[in-house]
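Notes for the one structure printed next.
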Amino acid sequence: MSFFAIDIGNTRLKWALYAQGVPGAARLAHGAVFLETIDSLADTDWKDLPPPSRMLGCVVAGEGIKRRVEEQLELWDLAPRWVVSSRAAGGITNGYDHPGRLGTDRFVALIGARHLVLARGRARPALVVMVGTAVTVDALDARGHFLGGMILPGFGVMQRALEMSTAGLKVPTGEIVDFPTNTSDALMSGGSNAMAGAVERMYRKLRDHAGEEPVLLISGGAASKLQALTDLRFEAIESLIFDGLLALQAHTQGQAARAQQQQ
Ligand SMILES: Nc1ncnc2c1ncn2[C@@H]1O[C@H](COP(=O)(O)OP(=O)(O)O)[C@@H](O)[C@H]1O
Ligand SMILES: CC(C)(COP(=O)(O)O)[C@@H](O)C(=O)NCCC(=O)O
Ligand SMILES: [K+]
């Protein structure tokens with residue numbers, strides 16, 4: 001029963017085809033496209049894939065994008081299913097004031113993080129950093145309760161905001177350096193340190209709250225830019241959201257199987 005996972009952020013749509021809808025399943029194919037190109041997915045990336053039998057996705061890019069992707073999914077005979085953030089799912093509980101308002105990418109990444117931590121045998125707190133269009137820094141305690149998290153601008157957003165608001169900051173992409181001596185390096189180093197500062201501050205808060213060192217997980221398209229910077233030991237988990245979708249799918253399939261047995 002192959003399983004198709006989709007993560008739609010505000011910059012790119014990421015997809016992956018798995019042999020089954022369970023954690024650890026073999027990944028058969030995967031890809032990422034910019035949102036501008038999603039209307040041709042059925043004729044390009046997805047055209048020659050073996051038709052999946054199930055699908056689960058998370059989308060934070062709005063209803064319009066979601067509907068356009070569902071049109072592409074008509075290529076196959078499957079019912080599009082989209083995660084809705086809730087008070088509890090996949091081993092976590094959600095401490096948001098209004099749980100349904102937590103970005104489903106954040107919600108699913110936290111489920112993926114929880115699954116990874118438990119698979120290592122000991123329940124530990126985890127700090128989950130997603131570096132995408134925006135950057136999120138989310139704190140999960142050792143019981144799997146989402147304590148809360150921060151949202152800050154991603155690299156591209158920071159750069160564009162500064163370019164639009166100033167006369168002299170339209171410059172090529174720079175490098176992260178300790179003491180920037182040109183505008184490009186000043187911008188890249190400033191943006192990275194702003195993000196790393198948020199991560200390091202939340203890390204300390206979570207460590208003090210939990211009374212032990214959190215696991216520090218980072219994912220998202222621009223994670224590598226941030227990893228280069230901080231002296232905190234990041235673990236880069238490129239598949240974190242897909243891991244969360246697999247865990248949720250397995251849970252859903254398990255529920256369906258149990259329901260069938262009871263009939
Ligand atoms: N191939 C790429 N081309 C351009 N930007 C990329 C690419 N891969 C990663 N990025 C970086 O990652 C960001 C998009 O990451 P992603 O996690 O897909 O964002 P989102 O989930 O918000 O759509 C971009 O803003 C850019 O900084
Ligand atoms: C913060 C986000 C925009 C991040 O999305 P991304 O950077 O992946 O495009 C997304 O998680 C979102 O739309 N959240 C809803 C608001 C919230 O989580 O509080
Ligand atoms: K994302």
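Just follow the structure's listing: the first ligand is 1, and inside any ligand the first atom is 1. We use all heavy atoms of the structure for the numbers below, so side chains are in, but hydrogens, waters and symmetry mates are not.
Looking only at distances, no side-chain donor or acceptor of K47 sits under 3.5 Å from a matching main-chain atom of D45. Side chain of D185 to main chain of G174: no donor-acceptor pair is present (N/O by atom type, distance under 3.5 Å, no hydrogens or angles). Side-chain atoms of T133 come within 3.5 Å of backbone N or O of T11 as a donor-acceptor pair.
A salt bridge does not link E235 with R124: every distance from a Lys NZ or Arg NE/NH1/NH2 to an Asp or Glu carboxylate oxygen is 4.0 Å or more. In this structure, E70 does not pair ionically with R67, as no charged nitrogen and carboxylate oxygen lie closer than 4.0 Å.
Atoms of ligand 1 found under 4.0 Å from any heavy atom of N10 (numbered from 1 in listed order, with element): 20 (P), 22 (O), 23 (O). Heavy-atom contacts of G220 reach the following atoms of ligand 1: 17 (O) (cutoff under 4.0 Å). Near F34, with a cut-off below 4.0 Å to any heavy atom, the atoms of ligand 1 are 2 (C), 3 (N), 4 (C). Close contacts between ligand 1 and T133 involve ligand atoms 19 (O), 20 (P), 22 (O), 23 (O) [criterion: under 4.0 Å to a heavy atom]. Close approach of ligand 1 to K225 (heavy-atom distance below 4.0 Å) involves ligand atoms 27 (O).
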query = Hey, mind stepping through E63 and K66 against salt bridge (charged side-chain N to carboxylate O under 4.0 Å, His left out) and telling me if it holds?
reply = CA-CA 5 Å; E63 276 307 305; K66 183 167 99 172; 3.4 Å; yes
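At most 12 heavy atoms of other shown residues, nucleotides or ligands fall within 6.0 angstrom of atom CG in D77.
Residue D105 is tested with V83, T136, V60, L110 for a side-chain contact (heavy atoms from CB on, under 4.5 Å); the sole match is V60.
Residue, atom and distance of the protein heavy atom nearest to atom 21 (O) of ligand 1 are K14 NZ, 2.8 Å. At the shortest separation from atom 1 (N) of ligand 1 among protein heavy atoms lies R12 NH1, 4.2 Å. Closest to atom 24 (C) of ligand 1, if we only count protein heavy atoms, is T11 CG2, 4.3 Å.
Minimum interatomic distance between T104 and V59 (heavy atoms only, all atoms of both residues): OG1-O, 3.2 Å.
Distances from atom 11 (C) of ligand 1 to the heavy atoms of G221, A134, A223 show the closest one on G221.
When the side chains of ILVMFWY residues are joined at heavy-atom separations under 4.5 Å, either directly or via intervening members, L28 and V33 end up in a single hydrophobic cluster.
Neither the backbone nor the side chain of M130 has a heavy atom within less than 4.0 Å of ligand 1.
Per-atom contact check: atom 9 (C) of ligand 1 touches the protein, criterion being a heavy-atom distance below 4.0 Å.
Evaluation of the ring-ring contact (aromatic ring centres under 6.0 Å, His included) rule for F234 yields no partner, not counting sequence neighbours.
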What are the atom names and distances for all N or O pairs under 3.5 Å between ligand 2 and the protein?
{"unit_1": "ligand 2", "atom_1": "5 (O)", "unit_2": "D105", "atom_2": "OD2", "d": "3.2"}
{"unit_1": "ligand 2", "atom_1": "7 (O)", "unit_2": "T133", "atom_2": "N", "d": "3.3"}
{"unit_1": "ligand 2", "atom_1": "7 (O)", "unit_2": "A134", "atom_2": "N", "d": "2.9"}
{"unit_1": "ligand 2", "atom_1": "7 (O)", "unit_2": "A134", "atom_2": "O", "d": "3.4"}
{"unit_1": "ligand 2", "atom_1": "8 (O)", "unit_2": "D105", "atom_2": "OD2", "d": "2.9"}
{"unit_1": "ligand 2", "atom_1": "9 (O)", "unit_2": "N10", "atom_2": "N", "d": "2.9"}
{"unit_1": "ligand 2", "atom_1": "9 (O)", "unit_2": "N10", "atom_2": "ND2", "d": "2.7"}
{"unit_1": "ligand 2", "atom_1": "11 (O)", "unit_2": "D105", "atom_2": "OD1", "d": "2.8"}
{"unit_1": "ligand 2", "atom_1": "18 (O)", "unit_2": "G103", "atom_2": "N", "d": "2.9"}
{"unit_1": "ligand 2", "atom_1": "18 (O)", "unit_2": "R106", "atom_2": "NH1", "d": "2.8"}
{"unit_1": "ligand 2", "atom_1": "19 (O)", "unit_2": "Y96", "atom_2": "OH", "d": "2.6"}
{"unit_1": "ligand 2", "atom_1": "19 (O)", "unit_2": "R106", "atom_2": "NH1", "d": "3.4"}

